[in-house]
Structures are given as structure tokens and as C-alpha cells.
Amino acid sequence: MASVTELVNTWKEALANKDSSRLAEFFTEDFRFVGATTGRNNTKQETLDIVASKDNSMSIDNLEVIYENDEVGVVLHDADSSERGKGKVMAVYTKKDGKFSQARVIRATL
């Protein structure tokens with residue numbers, strides 16, 4: 001089973017390299033990315049496409065794992081994007097069958 005630290009570090013790498021192929025291995029086929037502040041509700045493929053997009057200029061830093069067990073992972077991290085600027089993100093990742101099935105994210109602009 002993958003840890004939430006492995007997931008976020010792979011996500012960070014995928015954003016930097018504009019390559020989400022390794023990130024895909026962490027998601028269930030029915031994965032959803034739900035953005036509480038943006039209204040986003042993306043499928044696995046939509047999420048992977050956004051991460052790999054050449055137009056997407058975003059970075060993740062200062063990861064703090066708040067809680068993790070076999071069912072969920074809760075993290076806090078910094079995010080910086082060309083679209084929304086600097087922010088702080090709290091995310092709850094739901095796990096299913098050793099992978100991540102959902103990310104529920106709330107972002108506050110700094």
C-alpha cells in the first residue's frame with residue numbers, strides 16, 4: 001500500500017516534469033479529485049491531464065502529514081500556481097484496495 005507521502009512526492013515530481021504517468025499508478029480507476037474551494041470534480045484522467053499540462057504552472061512544497069492509516073491520509077502543504085498564486089492546501093485522501101480513490105482538497109490563498 002502506498003503512503004500519502006509517496007503520493008504527494010510523486011505528484012510534486014509530476015508537476016515539475018509535466019509527466020503524470022507515474023502518478024497514475026497511485027490512483028484507482030474511479031479516482032476523483034474534488035476541490036472544495038474550486039468546485040472541481042475531476043476523474044482520474046482529467047486529473048492526470050491537468051497535472052501534465054504544459055499550461056499548468058504549479059508547485060507543491062513543505063508537506064506535513066497530519067494523519068494516515070489504511071483508509072485515509074490527511075496532509076497540509078504549500079502550493080504555488082500561476083493561476084491562483086501562493087496558498088496553503090489541506091487534503092484528505094481516501095484509500096481503497098491499496099490505492100487512492102479520492103482527493104478532497106481545500107485551498108486558502110496566502
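Bear in mind that the values here come from a model prediction, so they are computed numbers and not experimental data.
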In chain order, what residues pass the ring pair (Phe, Tyr, Trp, His ring centres under 6.0 Å) check against F27, with sequence neighbours excluded? W11, F31

Please identify each residue that fulfils ring pair (Phe, Tyr, Trp, His ring centres under 6.0 Å) with F26, with sequence neighbours left out. none

Taking only residues at least two apart or on different chains, which pairs with a member in residues 97-110 satisfy side chain to side chain donor-acceptor pair (under 3.5 Å)? none

Does the side chain of [Y] come within less than 4.5 Å of [X]'s, by heavy atoms?
X	Y	result
I60	L15	yes
V105	V34	no
D78	L63	no
Y93	V75	yes

Polar contact flag, side-chain donor to acceptor under 3.5 angstrom, N17-E13: no

Pair D30-K44, salt bridge (charged side-chain N to carboxylate O under 4.0 Å, His left out): steps then yes or no: CA-CA 7 Å; D30 61 345; K44 175 183 178 177; over 6 Å; no

Looking at E68 and S3, would you say the former's side chain and the latter's main chain have a donor-acceptor pair under 3.5 Å? no

Backbone N/O of D49 and side chain of S53: donor-acceptor pair under 3.5 Å: no

Heavy-atom nearest pair, V51 first then A14, reads CG1-CB, 3.6 Å

Distance-minimising heavy-atom pair for M58 and A79: CE-CB, 3.8 Å

Quick check on K88: does its NZ atom have over 12 non-hydrogen neighbours (other residues, nucleotides or ligands) under 6.0 Å away? yes

Single-linkage hydrophobic cluster V8~V65, side-chain heavy atoms < 4.5 angstrom: yes

Stepwise side-chain hydrogen bond (donor to acceptor under 3.5 Å, both in side chains) test for R32 and N42: CA-CA 5 Å; R32 302 300 294 188; N42 296 346; over 6 Å; no

